Amino acid sequence: MFGPLISKPGSSKSNKTGSWRVEIRPRFLQKNCIACKMCLLICPEGCIEGDAKNTYHCDFTYCKGCGNCAAICPKADIEMVKEETKE
Amino acid sequence: MFGPLISKPGSSKSNKTGSWRVEIRPRFLQKNCIACKMCLLICPEGCIEGDAKNTYHCDFTYCKGCGNCAAICPKADIEMVKEETKE
Amino acid sequence: MKEIRIHARAGQGAITTASLLGYIYFLKGMYPYAVPHFGAARMGAPMNAFVRVDSKPIRLRSQIYEPDYVLIVDATLMRGFNCFSGLKDNGIAIINQREGVEIPKVNARQKVFLVPANDIALKTIGRPLGNTALLGAFAAATGEYELEFLVEAIKKRFPAGLQDPNIKAATQGYEFVKNSTKG
Amino acid sequence: MKEIRIHARAGQGAITTASLLGYIYFLKGMYPYAVPHFGAARMGAPMNAFVRVDSKPIRLRSQIYEPDYVLIVDATLMRGFNCFSGLKDNGIAIINQREGVEIPKVNARQKVFLVPANDIALKTIGRPLGNTALLGAFAAATGEYELEFLVEAIKKRFPAGLQDPNIKAATQGYEFVKNSTKG
Amino acid sequence: MKEFLEGSMAVAKAVQLCKPGVVSAYPITPQTHIVEELAQMVADGHLKAEFVNVESEHSAASVVLGAAATGVRTYTATSSQGLFLMAEVVFNIAGLRLPMLMTCANRAVSAPINIWNDQQDSVSLRDSGWIQLYVEDLQETVDFHLMGYRLSEDKSMMLPVMICMDGFILTHGIETIDMPEQALVDKFLPSYKALYKLDPANPITMGPLVDADYYMETRYAIDQTQKEALALIPKITAEFSKVFGRAYNGLVEGYRIDDAERVIVAMGSVCGTIKETIDELRKKGKKVGLLKITCYRPFPAQQIYEALKNIPKVAVVDRALSLGSYAPLAAEIKAAFFGKKKKPSVISSFIVGLGGRDITKDSIKEVFRLLTTTEKNEYIDLKPELLKESYE
Amino acid sequence: MKEFLEGSMAVAKAVQLCKPGVVSAYPITPQTHIVEELAQMVADGHLKAEFVNVESEHSAASVVLGAAATGVRTYTATSSQGLFLMAEVVFNIAGLRLPMLMTCANRAVSAPINIWNDQQDSVSLRDSGWIQLYVEDLQETVDFHLMGYRLSEDKSMMLPVMICMDGFILTHGIETIDMPEQALVDKFLPSYKALYKLDPANPITMGPLVDADYYMETRYAIDQTQKEALALIPKITAEFSKVFGRAYNGLVEGYRIDDAERVIVAMGSVCGTIKETIDELRKKGKKVGLLKITCYRPFPAQQIYEALKNIPKVAVVDRALSLGSYAPLAAEIKAAFFGKKKKPSVISSFIVGLGGRDITKDSIKEVFRLLTTTEKNEYIDLKPELLKESYE
Amino acid sequence: MNKQLFNPGHTACAGCGQSLAARLVLEASGPNTVIINNTGCLEVFSTKYPESAWAVPWIHSLFENAAAVASGVEAGLKSLGTKDTINVIAQAGDGGTADIGLQALSGMLERGHDVLFVCYDNEAYMNTGVQRSGLTPFDSNTTTSPTGIQSCGNLRPKKPVPEIANAHGIPYVATASVGFPQDLSRKVKKALSIKGPKYLQVHVPCPLGWRHDPGLTFQIGKLAVETGLYPLFEYENGRLSAVRQIQPKPVEEYLKAQGRFKHLLSKPEEVKKIQAVADANIERYNLKVQATS
Amino acid sequence: MNKQLFNPGHTACAGCGQSLAARLVLEASGPNTVIINNTGCLEVFSTKYPESAWAVPWIHSLFENAAAVASGVEAGLKSLGTKDTINVIAQAGDGGTADIGLQALSGMLERGHDVLFVCYDNEAYMNTGVQRSGLTPFDSNTTTSPTGIQSCGNLRPKKPVPEIANAHGIPYVATASVGFPQDLSRKVKKALSIKGPKYLQVHVPCPLGWRHDPGLTFQIGKLAVETGLYPLFEYENGRLSAVRQIQPKPVEEYLKAQGRFKHLLSKPEEVKKIQAVADANIERYNLKVQATS
Ligand SMILES: Cc1ncc(C[n+]2csc(CCOP(=O)(O)OP(=O)(O)O)c2C)c(N)n1
Ligand SMILES: Cc1ncc(C[n+]2csc(CCOP(=O)(O)OP(=O)(O)O)c2C)c(N)n1
Ligand code: SF4
Ligand code: SF4
Ligand code: SF4
Ligand code: SF4
Ligand code: SF4
Ligand code: SF4
Ligand SMILES: [Mg+2]
Ligand SMILES: [Mg+2]
């Protein structure tokens, strides 16, 4: 007989940590983006996507609003805004 | 209640390891000894005594006949002899 | 015996709130038992704490499933799951108000108090830590203790510099409810 | 059931002797159990080994206190303590002879065989390892097995180069006793 | 003086009152708050002790071992994996007859890893020679820490004592405690005098190799001394109540047991929940009671027999397993009645609250419900839907 | 084929026949000869396995854990202090449901340090979730190593198995053994197929954090699976005898027990000495017998009940202690009869042969002599002159 | 984002440097990787049953034995004949590396297993609430090295674990930081290209334990390097083969952003001591950019 | 011979290098010494109950924890206020030091305890019958690194424990040998004159395990140094402060006297490898006596 023992790969995605975001969230301006990928590299949640310039954005289902993407962006093309702000 | 737990300092001396000596034992010639103390230093049993020249000797109650004293003596003033040999 | 469940996110001081609330009861000469319900999650993750109190020492060590009162430190938690679950049907909920979070309907005999605790805290303490304001509101909403006990608790438990601001926050929380109820 | 106790110093091959003796019985189709009695002591310290043998598998696991035979690999051990302790009163002792060690008195029905095993070994094997010579003597002294079994055991257990020398040693040990007994 | 304190804080203050010379521990949930508070006391000069921040529990236990061998009072605390990692040292300390106190913040053991409360950790070290005392609430926690040192250092004992307190429920629970005063503690607990220690003035050899000629007696002596503790503990609790006015049996404690038809036997904080449930059921006229085991090692077989011999039905609640066999406490309780004329007609075994599974009044009621005339061996609050027969 | 082999050599050869992919162990008397022989086999290319020379037993157990997780058959061996040092890993392996075989060369535990035989080491890990099989002689030793792997790797089990053999007496004893042939072993023991393993093709997560919502079921499953082994073991022994012609019960074995009035219950090599003594006493008309426990975990309570229910007097011989309480085996044997109508009138407990204290026929006779109508709890062959009441 | 190897939904604090580093390490190693993880924040926040952030084979056994379990995994894969196609990575926090896991690590290095050991150095036992570890820096305020009337925080310097690993005579030892993400990825790839035991120590800021704004994780990592407090270097076969040169910044810049060092800002003499640590590193590893070239 | 600190009657093999070294260490330290001893030959042959060779306070706990127990002894003496008058010496064999005891040792060094740790390096687990340890030299024939059809003995080089200890940044690290008894005594005295953690590794030939004539213990110890296979050096505060210079002898001289290396004499290519080890040492520690001066 077996009880809880092993977990399925990547199953954490069912845990929507976006709800943890209470104060601020990033806004990807997609104006001066040079596609340096730094935001994508630095995101602790690994929830940023993008390929070409000005295509980078994050998945708010998981984004915890830490602000590192905004901090690292060489073009200040990401800004942190109040959670409530509408796009 | 207490059982066997601690031992008394130096009590190993009641164990006369001299009896382990079967083949050979050292003979301290006390002829050319220069009192360099090397034999005393090297004896694994710590059973060699002596102070002045030609006074060095070992305690056969413990000597295991290893031969290191003879090996180290710079003056070859210790020789290993058959256990049976009389002094 | 009264049972209180506190909802917050790890890092929002649910435990301090629970122990402060317990301490108030202690000052009243009652026998509180306050305990956090730890998950393994980190800052920002939902967690809760419990306070159980009675006139004799508390022996029951289980979690609280049917609280007399719930104290919701972070309203956004209500998006996630039901903070009201098991609330007694004459139960009272004190919620740290926040725009854009709608309040679930409650039955007739249940009471819900929305308190702008963080705003109060910002004004009084200078940081959005609404806990003392919420405990003030709790006093007014439930009548469990007089404001004096809360004030004394704050004096005993907070470093000198933080006492007056928190007492202010507590008082404003208390008055906010008092005013909202009368009339 | 026969019980044999082997006395030696750690490093003098008591265990090899015990296992070789056991192996001889094994070849005879009997059921030997050979086991060393380990102390924590080092090379040179007295130790012993046991062989217990029967026509059916041995189940008794205790040490041997009343041996039918004792085999003393190093006569100097007799200075230290009584290797004969518990020897059955029709028991037999085989001793690796050594000058300057006197043999304790034994009662009428007990037999003691002094065998110059080391000298034999020196002549045959080139090193003073009297074990095989002693087992030859053991065969003659006790009649427990024919020399052939010992020879076969040596062939099975020793590396090629060492077989003949050890067979020689065994045979000479055997003959030494045979001769000493007759007349 | 009455205070409203977290359990860990209370333990730290109790230890401070006992003035250990050396404190060493390694952090592990849910023991951490105890050690952190002691570290703060030392940092603030409120506790004059050497605080040794070690690299593992194995070394934490080894450090207190070494310090105790110099004749100093020592303290350590651990839990779960930490207790298992130091297991070899734990046995060794008892074998060396070194008195000391350890707090075990009871927690489940790995695998799977789980940081919540049950009692598998300390129960699995029941053979080790440590005296084990299980506490129900924070007042007991504080008081038995003081009594623990007394017991441990008694010239007839010289055995280590483990105070087992349920993780989170007690370590992180906050309640009202009457904290003893230093003067009284000093009166109750004189400073420690070792019978033998590492001292150049009398250079003894400790921890020698003891062979077959001597070993059995060393072990027998520990076994006997443990059993002698059954007589000493009540003496110490009596003296404690003289000084502090709080009375404990120290071995076992019955609750509404005299006329009871069904009795639960249990250890630790769950006893509180059981008492609460009993009062409720009593109101409904149910004749139920509790026998609380405070002293698990030594095992108070005689006292348990006396307490239960006339009880028709007994349910043993274990918070630990001996996988593949009887639950540890259940086995010994049953053993206590072998060959006895008077005995319960049923002793059932129930596994409750493993790995933090919440123990509610309903859990306890379920135990009582299942405590019928037929013997049971059941897990309470189990979720069958999580089980599968195979992985293929 | 019949051979005259030292126990350790025989174990090494048995393991070689089972073709493990990874072997890792750390030396400790009296286990060393086993590992040394395996090292030699690998050095000579007679065993195709990764031989990992680790720096401690904690790592030895961790290495086989890791290797087993990749789906490979593994082997390790230890004893005494080594088993205790790896205790945390031992529990962990069972919790992870990783099948493997370990030989425990039973030895006394420290303090005081003693390298000779008793069974305190493996007995103290009886809670761990490992199946424990105790062997009487070298033929059993070899055969149960083969059966151990079969049992461990059975799809319904996936639990580690510990073969417990008495140190020196069996590990260093030399006797006649019928060594199984490779072809038959391959028939009896197919190569190991894991149910789950570390494999990029199916990247599962092993050993996750399991909280209060799930933990209890994981533990329950191990407990149940252990009990299922009670049904599986006889199946495996039956199949074994089909292939190799040697029959074992695998759980318990009675010797001259049917008409016996006095029966000793025991585990391991002492059973041989007991049988020998029984035959002697039988000759004198004494109705004595033995119940040998082969399977200690899972605990075969039902089989023990059946075997002893009509025996008037039972003596349980323990080679280990639970300091301050009942001897471990005695407690469970007594528990097995609670609430049963049929049962012995007396079950007495005897501690025999700790730390290598020689167990003679006289020791066993003493046990029978003391097995009267009054229940006893005694140490056999104790030397009272070595005990003192105090150190002052 | 479907074929991610380290997935979102884990429960790390916002701005967790370790979660970020773990993802970068795994992405550099790729899908043919087996990870053996000691107990710690990473294990806890990434594998709370029934969820797992990992899409590669991953195992957790205990707090102290990842290096030994990894040795077994490596041996197992060898006996299966698949080792050469699979990267084996053992990983742990600073506590699981420098303290309780050091012996298992040392044994793994000594035996020469083909395993990369990654230490996520957040400079304390974070999973249990910020207790001191061997890698906690001097004067840092932790719960077991608290500041107090008689204490100014942690008494001991950082344990030189990279030097200790290098003293084992292994082929590759390096330090890295989330402040330099590409450099981190490069070092992982380089390490995995070398056969035998490798040690990589990554500096991972922890907003909770260091008490800094979650948004500063990256900058603080960078500052640690730029002040000389966390030198980035590589040893190959025992020889210092590369260092990241810096234009040293004063340590205050690094200290002032973190609550764990708050108590120092009023104590210039203590700050001096910490500056001395940085200066010693700069000297020892010759970190200062030379004017020439 | 009555006030001896390490007494005869112990049960070591004739010619045991460890028994000799232990006596020299203790005589250099004097009566105000507390010894903490790991399990091993020394513990076994010196303290078989009811006898003890020791006339100073001595304790044995386990095989792996002497350094941790010593940390506790030091802390205990501190709290009693007697530490400054007493030397605390933790001692162990090579296995108890480099392998199973390494973590306890590392922790003790890292915490800065005022303890001298002495490793008696007989290059295998002798107490249990000559199994390989981390300090067993390359190609040495032991029971767990046996020679065989596919093996030429131990696969790994000696674990560089003195370097590892030195990497901890402690005040004093040294190697010594029974081949140079006065040098050994001097290093013990010097170590004890320094406050803080000290590490001393003493090469102690073992007639049983190395299979050499008991009378050669001294010469073999000497040869190990003179061939460069066992360099004698001292580190003070991390800097190599002294080495014993030699006129290097060929390694054969050392190898041929020992059974554990017997199998090599027929394999010149293996002997070359071992000569290379010696040469590397000579180079690294610059052991060769310079013609000049
Ligand atoms: C043997 C043992 N001791 C203690 C613990 C408790 N414990 C789990 S993780 C941890 C600290 C981890 O610190 P670190 O390795 O630095 O990782 P971090 O959490 O900081 O990332 C501790 C003390 C344990 N699980 N096992
Ligand atoms: C935890 C544990 N594992 C293994 C042993 C067995 N053991 C005792 S001493 C020893 C070897 C000692 O070797 P070393 O430290 O080099 O000392 P030596 O005997 O060579 O002087 C071993 C393996 C033990 N006592 N405890
Ligand atoms: S705010 Fe933080 S979590 Fe959100 S996208 Fe930016 S880096 Fe990622
Ligand atoms: S960091 Fe800024 S510039 Fe670089 S990719 Fe992201 S958004 Fe574009
Ligand atoms: S022979 Fe050996 S034991 Fe005897 S005195 Fe000389 S050195 Fe000492
Ligand atoms: S070694 Fe020789 S010369 Fe020196 S003291 Fe001894 S006997 Fe005299
Ligand atoms: S505590 Fe620190 S390491 Fe742990 S999850 Fe939070 S930020 Fe990351
Ligand atoms: S085996 Fe070696 S170390 Fe041990 S006592 Fe004999 S010579 Fe000394
Ligand atoms: Mg950390
Ligand atoms: Mg050694």
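In what follows, every heavy atom counts, from backbone to side chain, and hydrogens, waters and symmetry copies are set aside. Each chain gets a letter, A, B and so on, in the order its sequence line appears, and its residues count up from 1. Model, not experiment: these values are computed from the prediction.
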Against chain H, label E:V64 side chain, backbone, both or neither, depending on which of its atoms sit under 4.5 Å from a heavy atom there.
neither
For the CG atom of E:N92 and the CG atom of H:L62, what is their distance to the nearest 0.5 Å?
4.0 Å
Taking every non-hydrogen atom, the tightest pair across H:N65 and E:S62
ND2-OG, 3.0 Å
Contacts of residues 105-136 of chain H with chain E (heavy atom under 4.5 Å):
H:G107, H:R111, H:H113
Measure E:V63 against the heavy atoms of chain H and call it side chain, backbone, both or neither at under 4.5 Å.
both
Here the pair of heavy atoms bringing E:Y214 nearest to H:P50 is OH-CD, 3.7 Å
Inter-residue atom distance E:L198.CG - H:T82.OG1, 0.5 Å rounding:
10.5 Å
With a sphere of 6.0 Å drawn around CD of E:E181, does it hold more than 12 non-hydrogen atoms of other residues, nucleotides or ligands?
no
Going through the distances and angles, do H:Q103 and E:H58 end up as a side-chain hydrogen bond (donor to acceptor under 3.5 Å, both in side chains)?
CA-CA 10 Å; H:Q103 185 162 296; E:H58 194 286; over 6 Å; no
Which pair of non-hydrogen atoms, one from E:T70 and one from H:L80, has the smallest distance, and what is that distance?
O-CD1, 3.4 Å
To the nearest 0.5 Å, how far apart are CZ in E:R73 and OG in H:S79?
11.0 Å
Using non-hydrogen atoms only, which part of H:L77 is less than 4.5 Å away from chain E: side chain, backbone, both, or neither?
both
I'd like to verify something: which residue of H:V56, H:T85, H:I86 has the highest number of heavy-atom pairs under 4.5 Å with chain E?
H:V56
When only pairs under 4.5 Å are counted, which of H:S61, H:A67, H:S71, H:A104 shares the most heavy-atom pairs with chain E?
H:S61
Within this structure, what is the OG1-CD distance for the pair E:T205 and H:E51, rounded to the nearest 0.5 Å?
11.5 Å
By residue number, those in residues 17-42 of chain E with heavy atoms under 4.5 Å from heavy atoms of chain H are E:G21, E:V22
Picking from H:A75, H:S52, H:A66, which has the most non-hydrogen pairs under 4.5 angstrom with chain E?
H:A75
For E:E55, is it the side chain, the backbone, both, or neither that has a heavy atom closer than 4.5 Å to a heavy atom of chain H?
both
If you tally heavy-atom pairs under 4.5 Å between each of E:D199, E:D211, E:D213 and chain H, the highest tally belongs to E:D199
Roughly how far, to the nearest 0.5 Å, is the CG atom of E:L209 from the CZ atom of H:F45?
12.5 Å
What one should report as the nearest heavy-atom pair of E:P200 and H:P31 is CB-O, 4.1 Å
Within 6.0 Å of NZ in E:K13, more than 12 heavy atoms from elsewhere
no
Value for CZ (H:F63) from CD (E:E88), rounded to nearest 0.5 Å, stands at 10.5 Å
Cut-off 4.5 Å, heavy atoms of chain H, and the answer for E:T74 is neither
Non-hydrogen atoms of chain E under 4.5 Å away: do they reach the side chain of H:A55, the backbone, both or neither?
backbone
Chain H shares the most heavy-atom pairs under 4.5 Å, among E:V52, E:V210, E:N53, E:I204, with E:I204
Best-contacting candidate, E:P203, E:P208, E:A60, E:G95, against chain H by heavy atom pairs under 4.5 angstrom
E:P203
